[in-house]
**Q** 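Below is a structure I'd like to ask you about.
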Amino acid sequence: MSDLGITPRSINYADWYNDLVLKAKLADYSPVRGCMVIRPHGYAIWELMQRALDDMFKATGHVNACFPLLIPKSFFSREAAHVEGFAKECAIVTHYRLMNDPNGEGVVVDPEAKLEEELIIRPTSETIIWNTYKDWIQSYRDLPILINQWANVMRWERRTRLFLRTAEFLWQEGHTAHATNEEAEQEALTILEIYRSFCEEWMCVPAIAGLKTENEKFAGAHHSYCIEAMVQDLRAIQAGTSHHLGQNFAKAFDVKFQNANGELEYVYATSWGVSTRLIGTLVMAHSDDKGLVLPPKLAPIQVVFVPMGRDEQTREKTFALSDKIAAELSEAGLRCKVDKREKESPGFKFNDWELQGACVRVEIGPRDLEAGTCVLAVRDTGEKQTVQIAHACTQIRTLLEETGQRLFKKALELRESNTQRIDDWDSFEKQFQGEGGCGFVLAHWDGTTETEQTIAEKTKATIRCIPLKPLEAGDNQPGRCVLTGKPSEQRVVFAKAY
RNA sequence: CGGGGCGUAGCGCAGUCUGGUUAGCGCGCCUGCUUUGGGAGCAGGAGGUCGCGAGUUCGAAUCUCGCCGCCCCGACCA
């Protein structure tokens with residue numbers, strides 16, 4: 001097992017994750033620190049995510065557009081909190097030309113080609129978008145604007161990890177403009193619900209929808225919502241965010257509209273996004289020491305066929321039978337692959353497809369030809385069963401259905417068995433003493449940033465969110481802050497986070 | 001930005017301390033034959049600016065100095 005080159009989770013979770021991402025060919029490191037190559041297998045997962053989310057956005061009235069990569073530096077100074085949040089991690093374009101190095105080999109930046117105004121590579125697009133919306137909005141009849149874009153952004157992170165935090169990443173960012181505060185609030189919540197349902201139904205990862213604290217909210221937002229998930233090392237990971245921006249950007253970019261009464265008002269805004277971090281979340285949520293475990297809805301290959309045969313004739317027959325079943329499944333919309341590689345042994349293929357995360361493997365060999373059967377192996381449980389060919393398609397669909405339910409259930413059980421309610425400081429502090437993730441703690445908090453930061457300093461645990469709905473009855477009842485003993489309205493989620 | 005580790009074939013490593021044939025090994029790759037129900041075997045073959053730059057020396061992967069890069073762990077962030 002160890003010669004597969006994947007560090008077991010029990011030895012080192014971080015190494016396991018890195019090994020898996022590389023070995024399963026999801027991504028590669030790039031020549032530039034913090035950037036990555038998303039390989040076809042990883043990109044296929046992203047495409048499936050994109051399609052599902054994009055359909056949901058469209059179904060709720062959104063349209064796609066694409067704004068430019070480069071943003072004039074001056075735009076960033078408009079919204080104070082926004083600058084504060086992003087200034088320290090921006091890549092800046094200062095020149096537009098290279099020249100041959102007069103002293104020798106290679107090329108150097110041409111000092112003559114300095115830009116009048118430096119350009120920022122977008123870390124997020126609020127500023128350029130609001131600068132544009134200003135020209136698009138005059139009347140309440142121009143509202144709402146419900147635009148999304150699929151794009152890459154760049155944040156010069158000090159410490160990066162494949163998919164979880166890369167300098168450049170892919171995401172979608174929605175930017176909407178509304179006539180009223182209530183409508184913007186509804187928009188932020190609608191999107192949050194899309195994210196939650198996507199996370200749970202497509203990724204099979206249970207998510208807690210909640211409100212970010214002032215301390216954790218998006219730079220420039222009035223308030224931020226998020227979905228938080230737990231992965232196998234018991235850390236929290238933010239899987240998506242939806243912000244109500246209030247009138248902050250409208251004021252910064254002077255975006256006003258005339259209402260039905262002829263009065264000028266600033267518009268209300270939201271922005272929201274999920275990124276390729278979802279792929280990292282997905283890997284960390286379900287996969288095991290043998291490789292990827294993917295939920296059927298997001299598996300690039302749901303069903304893989306491994307036909308076997310010593311001789312040409314047997315091979316032809318098992319290939320043909322595999323093709324026939326695969327065609328029937330494809331007809332029904334499943335993503336299938338018949339592995340016809342001749343050099344690799346069946347055993348190699350079994351391991352290889354387990355690494356790649358194919359949900360169900362169909363083995364067809366000489367014995368099956370005689371018996372009119374095939375063997376179905378389920379990726380996440382490792383269980384094998386022999387079925388009649390006539391029943392194969394039905395059974396495969398059942399197994400995929402069950403896989404999705406099982407992955408969600410298992411992830412939910414992990415979260416529930418590692419979530420506790422703690423009301424005294426000693427126990428709280430003790431809970432977070434261990435290395436790495438320590439699960440979720442639902443505790444009371446007095447609502448101040450000061451307390452939040454003190455707790456973070458002492459325990460490394462942060463407030464992931466203030467749940468919108470109680471996880472259990474009673475979580476939304478008043479109590480006393482776990483640190484200060486001051487009154488608290490409800491329990492909030494504490495955890496060590498990615 | 002602090003601490004640690006590493007840079008030698010596509011990948012993983014040995015060799016470096018103690019300088020000295022033509023720089024090795026495993027995996028992978030190419031060719032051929034035999035193989036195929038849990039990572040096949042044999043034979044042959046291709047593949048190297050030893051991270052970069054100076055220096056010491058008759059001679060440097062190995063010693064000295066400088067530089068660069070990457071990974072991991074902490075502080076900050078989707």
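Letters A, B, ... are given to chains in the order of the sequence lines, protein chains preceding strands, and every chain is numbered from 1.
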**Q** Check the phosphate of rC1(B) against R158(A), side-chain N and O only, distance under 4.0 Å to OP1 or OP2. Yes or no?
**A** no

**Q** Classify S275(A) by what it touches in the nucleic acid, base, sugar-phosphate, or nothing, heavy-atom distance under 4.0 Å.
**A** base

**Q** For the rings on F57(A) and W272(A), is their centre-to-centre separation under 6.0 Å?
**A** yes

**Q** What distance, rounded to whole Å, do you find between the two P atoms, one in rG59(B) and one in rU22(B)?
**A** 15 Å

**Q** Measuring only the C1' atom in each nucleotide, how far is rU57(B) from rC76(B)? A whole number of Å is fine.
**A** 49 Å

**Q** If you look at every strand shown and take non-hydrogen atoms under 4.0 Å, does F169(A) touch a base, only sugar-phosphate, or nothing?
**A** base

**Q** In whole Å, I'd like the distance from the CD1 atom of I364(A) to the C1' atom of rU36(B).
**A** 15 Å

**Q** Distance check: side-chain N/O of K460(A) vs OP1/OP2 of rG74(B), anything under 4.0 Å?
**A** no

**Q** Taking CZ from F86(A) and C1' from rC76(B), how many angstroms apart are they, rounded to a whole number?
**A** 13 Å

**Q** Is the shortest distance from a Lys or Arg side-chain nitrogen in R464(A) or E216(A) to a carboxylate oxygen in the other one below 4.0 Å?
**A** yes

**Q** Scan R361(A) against the nucleic acid and name what it touches under 4.0 Å (heavy atoms): base, sugar-phosphate only, or nothing.
**A** base

**Q** Does R310(A) have a side-chain nitrogen or oxygen under 4.0 Å from the phosphate oxygens OP1 or OP2 of rU36(B)?
**A** yes

**Q** Quote, to the nearest angstrom, the P distance that separates rU49(B) from rG5(B).
**A** 28 Å

**Q** Aromatic contact between H82(A) and F76(A), with the criterion being ring centroids under 6.0 Å apart: yes or no?
**A** yes

**Q** Which value, in whole Å, describes the distance between the P atoms of nucleotides rC50(B) and rU31(B)?
**A** 29 Å

**Q** For the C1' atoms, the ones on rC27(B) and on rA40(B), what distance do you get once it is rounded to whole angstrom?
**A** 15 Å

**Q** Over all strands shown, is T166(A) touching base, sugar-phosphate only, or nothing at heavy-atom distances under 4.0 angstrom?
**A** base

**Q** Determine, for E354(A) against K349(A), whether the closest basic-nitrogen to carboxylate-oxygen distance falls under 4.0 angstrom.
**A** no

**Q** For atom C1', what is the distance between rA60(B) and rG51(B), given to the nearest Å?
**A** 16 Å

**Q** Contact class for D15(A) (heavy atom, under 4.0 Å): base, sugar-phosphate, or nothing?
**A** nothing

**Q** Map L164(A) and G436(A) onto RNA chain B by nearest heavy atom, then report which one ends up closer to the 5' terminus.
**A** G436(A)

**Q** Between which residue ranges does RNA chain B form stems of three or more consecutive Watson-Crick or G-U wobble pairs, both distances under 3.5 Å?
**A** B:1-7 with B:68-74, B:10-13 with B:24-27, B:29-34 with B:40-45, B:51-55 with B:63-67

**Q** Counting distance alone, no hydrogens or angles: does the base of rG37(B) have a donor or acceptor under 3.5 Å from a partner atom on the side chain of K384(A)?
**A** no

**Q** Can you tell me how far P in rC6(B) sits from the matching atom in rC63(B), rounded to whole Å?
**A** 13 Å

**Q** So V375(A), base contact, sugar-phosphate only, or nothing? Heavy-atom distance under 4.0 Å.
**A** base

**Q** Using the P atom as the reference point in each nucleotide, state the distance between rG26(B) and rG69(B) in Å, no decimals.
**A** 35 Å

**Q** Select one nucleotide: of rC70(B), rU36(B), rA78(B), the one nearest the side-chain heavy atoms of Q238(A).
**A** rA78(B)

**Q** F432(A) and F428(A): aromatic ring centres closer than 6.0 Å?
**A** yes

**Q** Which nucleotide, rG37(B), rC71(B), rA40(B), lies nearest any side-chain atom of F348(A)?
**A** rA40(B)

**Q** Applying side chain to side chain donor-acceptor pair (under 3.5 Å) to T448(A) and T451(A), what does each step give before you reach the verdict?
**A** CA-CA 5 Å; T448(A) 66; T451(A) 299; 2.8 Å; yes

**Q** Students often get this wrong, so: under 4.0 angstrom with heavy atoms, is E157(A) touching a base, only sugar-phosphate, or nothing?
**A** base

**Q** Would you tell me if any nitrogen or oxygen in the side chain of N12(A) comes within less than 4.0 Å of OP1 or OP2 on rC72(B)?
**A** no

**Q** Taking atom types as modelled, is there a side-chain donor on T213(A) or E452(A) under 3.5 Å from an acceptor on the other?
**A** yes

**Q** Identify whether any heavy atom of E354(A) sits under 4.0 Å from a base atom; if not, whether one sits that close to sugar-phosphate; answer base, sugar-phosphate or nothing.
**A** base

**Q** Atom CD of E370(A) and atom C1' of rG37(B): how far apart are they, to the nearest Å?
**A** 13 Å

**Q** May I have the distance from L22(A) (atom CG) to rG12(B) (atom P), rounded to whole angstrom?
**A** 9 Å

**Q** Return yes if the base of rG38(B) and the side-chain atoms of E363(A) contain a donor-acceptor N/O pair under 3.5 Å, otherwise no.
**A** no

**Q** Have a look at I237(A) and say if it touches a base, only the backbone sugar-phosphate, or nothing, with a 4.0 Å heavy-atom cut-off.
**A** nothing

**Q** Starting from the C-alpha separation in whole Å, work towards a yes-or-no answer on side-chain contact (heavy atoms from CB on, under 4.5 Å) for L321(A) and I325(A).
**A** CA-CA 6 Å; L321(A) 184 53; I325(A) 303 170; 4.2 Å; yes

**Q** Which of the following nucleotides, rA78(B), rC70(B), rG38(B), is nearest to the side chain of F350(A)?
**A** rG38(B)

**Q** Ring centres under 6.0 Å, that's the criterion: do W46(A) and W150(A) meet it?
**A** yes

**Q** For K458(A) and rG74(B), give me the distance from atom NZ to atom P, rounded to whole Å.
**A** 20 Å

**Q** At under 4.0 Å between heavy atoms, what does G309(A) touch on the DNA or RNA strands: base, sugar-phosphate, or nothing?
**A** base

**Q** Side chain of D368(A) only, please: which of rG38(B), rG74(B), rG37(B) is the nearest?
**A** rG37(B)

**Q** Are R367(A) and E370(A) ion-paired here, with the side-chain N under 4.0 Å from a carboxylate O?
**A** no

**Q** Hey, is the side chain of S345(A) poking within less than 4.0 Å of OP1 or OP2 on rA40(B), counting only N and O atoms?
**A** yes

**Q** In whole Å, I'd like the distance from the CD atom of E89(A) to the P atom of rA78(B).
**A** 8 Å

**Q** Can you identify which nucleotide, out of rC70(B), rC73(B), rC29(B), has its nearest atom closest to the K343(A) side chain?
**A** rC29(B)

**Q** Output yes when R361(A) and E363(A) qualify as a salt bridge under the 4.0 Å nitrogen-oxygen rule, no when they do not.
**A** yes

**Q** Mind calculating the distance between CG (L355(A)) and C1' (rC11(B)) to the nearest angstrom?
**A** 15 Å

**Q** Which of these nucleotides, rC29(B), rG38(B), rC71(B), is closest to any side-chain atom of N351(A)?
**A** rG38(B)

**Q** Reckon R315(A) has a side-chain N or O less than 4.0 Å from the OP1 or OP2 of rU36(B)?
**A** no

**Q** Classify the nucleic acid contact of A14(A) as base, sugar-phosphate or nothing, counting any heavy atom under 4.0 Å across all strands shown.
**A** sugar-phosphate

**Q** When you match A239(A) and N18(A) each to their closest nucleotide on RNA chain B, which lands nearer the 5' end?
**A** N18(A)

**Q** Grab the CZ-P distance between R39(A) and rC11(B) for me, whole Å please.
**A** 12 Å

